[in-house]
Enquirer: 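Sharing a structure with you now.
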There are 2 protein chains.
Amino acid sequence: MDSSANVSERQVQAPSLAISTVIFALRDDTATGRPEIWLPLVRRIRQPHLGRWALPGGPLDGRESLQDAAARNLRETTDLDPTYLEQLYAFGGLDRSATQRLVSIVYWALVRPEQADLARASENVQWFRASEVAGLAFDHDEIVAYALGRLRGKIEYGSVAYHFLGDRFTLAQLRGVYEAVLGKQLDPANFRRQFRSAKDIAPTDEVLQGGRNRPPRLYRYTGARADPPGVDDGTGAGTRTGLAPGTGVRNPVGVPGAMQADVVAEAAGGQS
Amino acid sequence: MDSSANVSERQVQAPSLAISTVIFALRDDTATGRPEIWLPLVRRIRQPHLGRWALPGGPLDGRESLQDAAARNLRETTDLDPTYLEQLYAFGGLDRSATQRLVSIVYWALVRPEQADLARASENVQWFRASEVAGLAFDHDEIVAYALGRLRGKIEYGSVAYHFLGDRFTLAQLRGVYEAVLGKQLDPANFRRQFRSAKDIAPTDEVLQGGRNRPPRLYRYTGARADPPGVDDGTGAGTRTGLAPGTGVRNPVGVPGAMQADVVAEAAGGQS
DNA sequence: ACAAAAGTGTTTCCTGTACACCCATGA
DNA sequence: TCATGGGTGTACAGGAAACACTTTTGT
């Protein structure tokens with residue numbers, strides 16, 4: 001139990017609220033050169049689960065929006081600003097954490113690889129391959145798995161992939177993102193064709209010099225950098241074909257003001 | 001910094017948590033006979049926004065899961081048990097409700113039309129056409145609009161549509177659901193063909209007698225009644241074609257235990 | 001010259017769409 | 001019998017998948 005005597009009383013009244021953030025970045029595998037998905041974790045320095053790795057997060061105070069709190073998580077653990085940040089899910093069961101009833105609103109973020117390389121790492125903050133995380137504190141294993149699923153689903157639509165990359169990129173790099181997320185190889189020819197016809201990607205005059213082969217052209221993402229707010233297609237399910245580049249709609253259903261000007265709904269306290 | 005703080009301190013730290021629920025049902029228009037989307041609202045009997053209509057909801061106490069609280073909303077306002085219940089979004093801005101900082105986790109539910117007809121209505125609980133709600137308390141206008149968008153998105157995948165119907169239904173009824181949600185007419189012939197080939201729908205031996213025309217065959221939904229938990233494809237975006245009946249995957253990314261055994265993630269309290 | 005990636009063309013297949021048509025029933 | 005919706009057949013168009021092929025670079 002925690003500390004003061006009337007804890008049990010207060011537990012019944014109001015669950016505490018915390019924000020956690022799953023931060024994804026791509027990093028090229030040193031052997032194959034292929035990009036892989038990585039994420040930073042922090043080591044718990046308190047009970048429960050002391051010493052185990054966990055998602056960055058902390059309690060929500062009354063002065064910042066959910067979004068802001070998640071962005072702060074990101075800054076504090078990695079020194080990065082998010083290029084993509086979206087609400088994932090609110091977890092709030094009771095069969096957990098013997099010490100205290102807790103509701104966690106989980107966000108997920110994407111950062112660019114150059115950034116991820118620079119990102120702070122220390123004794124208590126380290127990056128892990130997403131495919132290898134296991135044994136995290138609380139339910140964070142499952143939350144990471146869920147976030148990965150959502151990432152996979154979401155990339156099939158739209159604009160998420162670009163948030164892994166800088167503002168100039170080759171089609172091979174973009175394809176690398178898709179391959180890392182979807183976990184399978186894609187036909188370069190068809191990939192190219194699909195994305196050339198995508199509306200919100202434009203070729204530049206530049207090419208990327210210095211490679212061993214023919215220098216590829218650089219492209220630029222012309223769509224909105226700030227993505228579909230809270231909106232979510234999550235699982236991505238339906239799309240059986242694979243990619244669905246720019247053909248799909250981008251942000252058909254905007255969450256109200258939930259991002260910049262977040263929304264509060266108050267209890268109705270209906271009948272009686 | 002957790003529990004021992006005094007009261008004023010704690011207010012700043014911990015926003016209150018509420019659950020609200022958007023409940024959708026179909027009801028046949030008396031004139032055209034076409035189904036339309038309706039939802040129940042409750043009249044506020046307290047400040048702020050006293051007297052205005054609002055989504056059913058209430059504060060979350062420490063003894064029930066988010067899911068359970070939403071189900072209770074549903075029961076208390078409409079006397080119905082949900083055939084579908086899923087988390088929509090967590091709203092938690094500060095620029096709201098002058099009286100109090102509040103985070104609301106919003107669920108959405110689908111109920112069947114027969115049930116909706118029986119559902120309790122009273123002075124303080126009434127059903128409204130979804131297309132006509134306006135002037136609700138707080139941001140509930142926007143939340144409803146967001147929920148409608150998600151519904152539209154979601155129906156293009158998978159199994160949601162069936163939750164509006166009983167366990168036996170004609171293809172015309174099913175098509176009615178889609179038309180009501182998508183807001184456009186669909187070709188009966190193609191609709192039929194797509195759904196006949198859908199895996200999780202099976203014809204029965206029965207037909208629906210008593211109509212003015214040829215008696216249509218009754219079908220049965222064979223997929224999971226309890227849907228993809230917390231998972232969310234939300235906006236539905238990508239699917240440009242329209243329906244995507246059973247072809248799509250059903251529940252490719254299950255949220256961990258979030259439904260039956262909800263999950264709690266605790267703050268990591270990383271560095272420092 | 002050769003390897004390897006960039007980039008193009010072509011063919012096949014699948015699926016959604018449109019629409020013409022027959023079938024069964026009640027009035 | 002006729003109107004109406006249930007139910008079937010079919011032809012067309014667009015896009016994805018597969019893969020052969022040409023182009024451009026570094027070594």
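Here is the naming used below: chain letters follow the sequence lines, and residue numbers restart at 1 for every chain.
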Enquirer: Between C1' on dA18(D) and NZ on K184(A), what's the gap in Å once rounded to a whole number?
Expert: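 Atom NZ in K184(A) sits about 14 Å away from atom C1' in dA18(D).
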Enquirer: Using a strict threshold of under 4.0 Å (side-chain N to carboxylate O), is an ion pair present between E206(A) and R168(A)?
Expert: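 Yes, R168(A) and E206(A) are salt-bridged.
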Enquirer: Quick one: L186(B) CG to dA18(C) P, roughly how many Å, whole number?
Expert: 10 Å
Enquirer: Send over the distance from R34(B) CZ to dT4(D) P, rounded to a whole Å.
Expert: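 So the CZ-P distance, R34(B) to dT4(D), works out to 14 Å.
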Enquirer: Establish whether the base of dA16(D) is bridged to the side chain of D187(A) by a donor-acceptor pair shorter than 3.5 Å.
Expert: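 By the distance-only test, no, there is no pair.
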Enquirer: Nearest nucleotide by nearest heavy atom, which residue falls closer to the 5' end of DNA chain D, P215(A) or A172(B)?
Expert: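 Mapping each residue to its closest nucleotide by heavy atoms, the 5'-most match is A172(B).
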Enquirer: Write down the distance between CG (L218(B)) and P (dG5(D)), rounded to a whole number of angstrom.
Expert: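 The distance from CG of L218(B) to P of dG5(D) comes to 18 Å, rounded to the nearest Å.
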Enquirer: Looking only at side-chain N and O atoms, does R212(B) come under 4.0 Å of OP1 or OP2 in dA24(C)?
Expert: no
Enquirer: Which sits closer to the 5' end of DNA chain C, N213(A) or R196(A), going by the nucleotide each is nearest to?
Expert: N213(A)
Enquirer: For L171(B) and dG7(D), what is the distance between atoms CG and C1' respectively, to the nearest whole Å?
Expert: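 Those two atoms, CG and C1', are 10 Å apart.
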Enquirer: So, are D29(B) and R129(B) salt-bridged, with charged N and O less than 4.0 Å apart?
Expert: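 Salt bridge present between D29(B) and R129(B).
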Enquirer: Counting side-chain heavy atoms from C-beta on, which of dG7(C), dA17(D), dC19(D) comes nearest to A189(A)?
Expert: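 Of dG7(C), dA17(D), dC19(D), dC19(D) is nearest to the side chain of A189(A).
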Enquirer: Are any of the side-chain nitrogens in R150(A) or E86(A) under 4.0 Å away from the carboxylate oxygens of its partner?
Expert: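 No, no charged N to carboxylate O under 4.0 Å.
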Enquirer: If I compare all heavy atoms of V160(B) with all of L110(B), which pair ends up nearest, and what's the gap?
Expert: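 Scanning both residues, the minimum pair turns out to be O-CD1, 3.6 Å.
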Enquirer: On the side chain of R214(A), is there an atom forming a donor-acceptor pair with the base of dA6(C) - under 3.5 Å, no angle test?
Expert: yes
Enquirer: Apply side-chain hydrogen bond (donor to acceptor under 3.5 Å, both in side chains) to the pair Y89(B) and Q87(B), showing each step before the final yes or no.
Expert: CA-CA 6 Å; Y89(B) 199 76; Q87(B) 195 181 109; over 6 Å; no
Enquirer: Does E179(A) pair with K184(A) as a salt bridge, N-O distance under 4.0 Å?
Expert: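 Salt bridge: no.
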Enquirer: Using whole Å, report how far CZ of F195(A) lies from P of dA6(C).
Expert: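 Distance check: F195(A) CZ to dA6(C) P gives 15 Å.
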Enquirer: Using a cut-off of strictly less than 4.0 Å between a heavy atom of the residue and any atom of DNA chain D, enumerate the qualifying residues of residues 203-211 of chain A by number.
Expert: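 Listed by number, they are G211(A).
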Enquirer: Using a cut-off of 6.0 Å, state whether more than 12 heavy atoms not belonging to R34(B) lie near its atom CZ.
Expert: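 Counting other residues, nucleotides and ligands, CZ of R34(B) stays at 12 neighbours or fewer.
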Enquirer: Quick one: R175(B) CZ to dG7(D) C1', roughly how many Å, whole number?
Expert: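 Going from CZ in R175(B) over to C1' in dG7(D) covers 11 Å.
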Enquirer: Expressed in angstrom and rounded to an integer, what is the separation of R217(A) atom CZ from dT8(C) atom C1'?
Expert: 14 Å
Enquirer: Taking OP1 and OP2 of dG7(D), is either one under 4.0 Å from a side-chain nitrogen or oxygen of R192(B)?
Expert: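 Checking R192(B) against dG7(D): at least one side-chain N or O falls below 4.0 Å of OP1 or OP2.
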Enquirer: Tell me which nucleotide among dA6(C), dT25(C), dC19(C) gets nearest to the side chain of R193(B).
Expert: dC19(C)
